[in-house]
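Some notes on the structure that comes next.
So that the names make sense, note that chain A is the first sequence line, chain B the second, and so on, each numbered from 1.
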Amino acid sequence: MPKITLPDGSIRQYDAPTTAGQIAADIGPGLAKAALGAKIDGTLCDLSTRIESDCTLALVTPKSRDGQVDPDGLFLLRHSCAHVMAEAIQRLFPGTMLVYGPPLDTGFYYDMAFPDGRAPSTDDFIAIEAEMAKIIGENLPFTRRDLSIAEGMDKLAGEGSKFKLDNAQRAKDGGSATLSWYTTGLPGTNWEDLCRGPHAPSTGRIGAFKVMSLASSYWKGDESLDRLTRVYGTAFATKPELEAHLKQLDEAKKRDHRMLGKQLRLFHIDEMVGQGLVLWTPRGAAIRQELQTFISEALRDQGYQQVFTPHIGKLELYRTSGHFPYYRESQYPPIVDHDQMTKLAAEGCSCGDLANRLASGEVEGYLLKPMNCPHHIRIFASEPHSYRDLPVRLAEFGTVYRWEQSGEIGGLTRVRGFTQDDAHLFVREDQVANELLGCLSLVKLIFGTLGMNDYRVRVGLRDPKSDKYVGEPSNWDKAEEACRNAARSLSVPFTEEAGEAAFYGPKIDFIVRDVIGRSWQLGTVQVDYNLPVRFDLSYIGADNEKHRPVMIHRAPFGSMERFVGVLIEHFAGAFPLWLAPEQVRVLPISEKSEEYAQEVLTAIRKIGLRATIDSGNERVQARIRDASEAKIPYLAVVGPRDAQQRVVSLRAFGTEANLGELPLERFISGLKSEYKTRGAESLKSSFPA
RNA sequence: GCCACCGUAGCUCAGUGGUAGAGCACACCCUUGGUAAGGGUGAGGUCGAGGGUUCAAUCCCCUUCGGUGGCUCCA
């Protein structure tokens, strides 16, 4: 006789098997009406799930008691809505085979195989949504039925969908005793789908939904298998929630760095220059320069030395490092000099031959550098080192080139040429732990100064099953342990992920999300026992013997391109004073104040800030609007009154009214300290709140 | 790289099988205005590029380049 423990601790006793839905009804009609499903012993289930023995039970509704949207409720709604969409699409596109349709954080998708050439386009969304509305309007129950594995397999084999058959096989392999189908309505009469559930009780519970977009995917994520069409949608319990979600998406779009980059003229990517090759326009370059100055100061404080190295190097260098053999596909092809080319052409050497001979080393060429480490290593190796000299820390804003797949390139976040704020530390083994901490503190300083708190940390370890990693397992163990320990010191939660290591060593990565919700790796710190071996690096120890240094690779920004891209979105284009491309705009009320405005401008420029004057033939209101749209931190409005009193009327970005008047000298000194302290001190504090 | 969609003025976007439009930006004129758009006039386009169908293509078809959304990849 089941004894049900509810979340408030109360217990309900039943003398016969019951269902979650029945229990909800027993508690109250309101709850019965609101319930979408139940968590039985922590597992999300249908309301119709039969309960035969003691359990804990929590009913799932669209909103929990405190008014928050319940993610489990959304899960049920979206999973159910995916079914409704699949049914609607199968009605409109006969012959469509269903593959897999899970809920997501922001909605759901369904992968489908359409009969050749008959995939829907976005123009069909209206029809699909109309069909879905019909199904939802009928408020049909989602009815579950279980078949034995054998029966179920027979049924699927008869229906002839290899995709569903495969899903069933995987359920079977996963230890499932039965296969379940969900019918939208009456089993045997209405539409059904192989699905492990759970679902909302009926279609009518889907309050609001929208078909969002089309994309493609590969079956099981494997590009050698069938190509599928993925239809994305979303669903909510109510219309206002859907509208709020759509509005949020729209807001996110406005923060998109590609949009803002164009609008604020921060960078340009030009067809004629090449895909994924970023041109930094003056305004974006100002931001980058400030960031580089910032990090250079921090590096100097930590005992780094700056170096410069060329953009190319001999293939032999990258054969030694392993980059060329391991990552040939993702590099620009090697450069072969004229004489070689002429000679090879005379021999009738084919492109294939040339590739092979470059790979084997029979023909030498140059490579656009995919990484800076080999160059830095050769700097280290260019002179002998004593154990007393270590750590040697070589830093460079080094530009590297990688042949990213064309479909992956976009904006500043994935590009083919980018500049890393790179450095390589050559350290004694006993120094590894401490140097790692130094690297992490640098990352923390950067993220802290910029107010970027929304990041996660990943410790990337080797995948024991893969053979792409070079070096001794014992060294890998040591390096992985050092990373783990350093990550622990961060007091930020981190995950350990096998298979995420670089080929030469484990790493600690800092990962942020963009406005669209995509994750990007920014800063990275990597421990490397392997390249020192490949390059036979050494230092002389206290024992007068040769010893092998350990390398640490680190780039707290990751790349300037990606970092600035993420930063544009982080600030929604409204950069703090120290980073803003145009920091102050002086705005004379009329030509009568032009002279004083020029004086103010000169004073601002004298302390090294980027400022302009807008003496345009427009009314003040219009020019204020222009400055506001350009997201300029400070606007100094000056008219005859201000000139008379030697003050400026100050307006800050993001504040509705003007802040008030400030004597010119205080304005200048306040600007200076806000700039120099990178916002730690603010000019705004000169005004009453 | 794969699939889908998109490419019209500097930007955002309408539009049509008979060689094109709006708003903003830009230029000039009037206006000299005190905190988020003052008024007028004007200039600006090989409708991404190449090929095809057609009497005629910005529009239809093919190819190509670029962008977007995904997938796959990412030292």
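Here A:Lys262 reaches the OP1 or OP2 of B:U12: one of its side-chain N or O atoms lies under 4.0 Å away. The side chain of A:Gln621 contributes no N or O atom lying less than 4.0 Å from OP1 or OP2 of B:G38. OP1 or OP2 of B:G1 sits under 4.0 Å from a side-chain N or O of A:Ser406. Phosphate contact (OP1/OP2 of B:G70, side-chain N/O of A:Arg518, threshold under 4.0 Å): present.
Contact annotation for A:Ile409: backbone-only contact, meaning every heavy-atom pair under 4.0 Å involves sugar-phosphate atoms and none involves a base. Looking at heavy-atom distances under 4.0 Å, A:Asp626 makes no contact with the nucleic acid at all. Heavy atoms of A:Glu661 sit nowhere under 4.0 angstrom from any nucleic acid atom. Nucleic acid contact for A:Asp222: none, since no nucleic acid atom lies under 4.0 Å from a heavy atom of the residue. Across all strands shown, A:Gly221 has heavy atoms under 4.0 Å from sugar-phosphate atoms exclusively, and none from any base. Here A:Glu271 lies in heavy-atom contact (under 4.0 Å) with sugar-phosphate atoms only. In this structure, A:Ser628 reaches the bases: a heavy-atom distance under 4.0 Å links it to at least one base atom across the strands shown. Within 4.0 Å of A:Gln275, counting heavy atoms only, lie sugar-phosphate atoms of the nucleic acid but no base atom. At the heavy-atom level, A:Tyr504 lies under 4.0 Å from the strands shown only through sugar-phosphate atoms.
Residue whose closest nucleotide on RNA chain B sits further toward the 5' end, between A:Lys220 and A:Ala502: A:Lys220. Taking for each of A:Gln521 and A:Glu618 the nucleotide of RNA chain B with the nearest heavy atom, the 5'-most of the two is the partner of A:Glu618.
For the pair A:Arg258 and A:Glu569, the salt-bridge criterion is not met [side-chain N within less than 4.0 Å of a carboxylate O]. Comment: A:Asp166 engages A:Arg170 in a salt bridge, judged by a side-chain N to carboxylate O separation of less than 4.0 angstrom. At a threshold of 4.0 Å, the pair A:Lys162-A:Asp226 counts as salt-bridged, since one of the basic side-chain nitrogens sits closer than that to a carboxylate oxygen. Between A:Glu629 and A:Arg625 a salt bridge is recorded (basic side-chain N to carboxylate O distance below 4.0 Å). Of the charged side-chain nitrogens involved, none lies within less than 4.0 Å of a carboxylate oxygen, so that A:Arg458 and A:Glu496 do not count as a salt-bridged pair.
No side-chain N or O of A:His424 forms a donor-acceptor pair with one of A:Asn372 less than 3.5 Å apart.
B:U54 sits 16 Å from B:C61 when the P atoms are compared, rounded to a whole Å. The separation of B:A22 from B:A56, taken at their P atoms, amounts to 30 Å, rounded to a whole angstrom. Comparing the same atom, P, in B:G21 and in B:G44 gives a spacing of 13 Å after rounding to whole Å. B:C11 and B:C74 are spaced 35 Å apart, taking the P atom of each and rounding to whole Å. Spacing between B:C73 and B:A20 at atom P, rounded to whole Å, works out to 49 Å. Here the separation of B:U63 from B:A25, taken at their C1' atoms, is 36 Å to the nearest Å. Comparing the C1' positions of B:C55 and B:U64 gives a spacing of 28 Å, expressed to the nearest Å.
When distances run from any side-chain atom of A:Glu223 to the nucleotides B:G66, B:C74, B:G1, the shortest one goes to B:G1. Of the candidates B:C2, B:G34, B:U32, the closest approach to any side-chain atom of A:Ser216 belongs to B:C2. Picking from B:U35, B:G1, B:G69 the nucleotide with the shortest atom distance to the side chain of A:Ser649 gives B:U35. Nearest to the side-chain atoms of A:Asn617 among the listed nucleotides B:C73, B:A75, B:C29 stands B:C29. Side-chain proximity of A:Val620 to the nucleotides B:C65, B:G34, B:G70 is greatest for B:G34. Listed nucleotides: B:U35, B:G1, B:C73. Nearest to the side chain of A:Arg416: B:G1. Among B:C30, B:G70, B:A75, the nucleotide with an atom closest to any side-chain atom of A:Tyr232 is B:G70. Which of B:A75, B:C3, B:G38 sits closest to the side chain of A:Arg619 comes down to B:G38. Here B:G34 is the nucleotide among B:G34, B:G1, B:C71 with the atom lying nearest to any side-chain atom of A:Ile589. Taking every side-chain heavy atom of A:Arg258 into account, B:U68 is the closest of B:A75, B:G33, B:U68.
Across A:Tyr469, A:Phe535, A:Trp476, a single residue satisfies side chain to side chain contact (heavy atoms under 4.5 Å, CB included) together with A:Asn530, and that is A:Trp476.
Side-chain N or O atoms of A:Arg562 include one that pairs as donor or acceptor with a backbone N or O of A:Thr413 at under 3.5 Å.
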Could you provide the dot-bracket string of RNA chain B, using ( ) for intrastrand pairs, [ ] for crossing pairs and | for bases paired to another strand, with Watson-Crick or G-U pairs below 3.5 Å?
-> (((((((..((((....[..)))).(((((.......))))).....(((((..]....))))))))))))....
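The base of B:A36 lies close enough to the side chain of A:Arg651 for a donor and an acceptor atom to sit less than 3.5 Å apart. Taking 3.5 Å as the limit, the base of B:C3 and the side chain of A:Tyr218 contain no donor-acceptor pair of atoms between them. No hydrogens or angles were tested; on distance alone, nothing pairs the side chain of A:Arg402 with the base of B:C74 as donor and acceptor under 3.5 Å. Contact annotation: side chain of A:Thr122 to base of B:A4, donor-acceptor pair absent below 3.5 Å. A donor-acceptor contact under 3.5 angstrom links the side-chain atoms of A:Asp642 to the base of B:G34. Scanning atom types as modelled, one donor and one acceptor separated by under 3.5 angstrom connect the side chain of A:Arg414 and the base of B:C73.
Note: A:Phe114 and A:Phe93 have perpendicular aromatic rings, judged against thresholds of 30 and 60 degrees for the angle between ring planes. Relative orientation of the A:Tyr332 and A:Trp403 rings is perpendicular, given thresholds of 30° and 60° on the angle between their planes.
The separation between A:Phe503 atom CZ and B:C74 atom P is 13 Å, rounded to whole Å. Atom CD in A:Glu329 sits about 11 Å away from atom C1' in B:C73, given to the nearest Å. What separates CZ of A:Arg227 from P of B:C2 is a distance of 8 Å, to the nearest Å.
The neighbour count for A:Arg378 CZ, taken as heavy atoms of other residues, nucleotides or ligands under 6.0 Å away, does not exceed 12.
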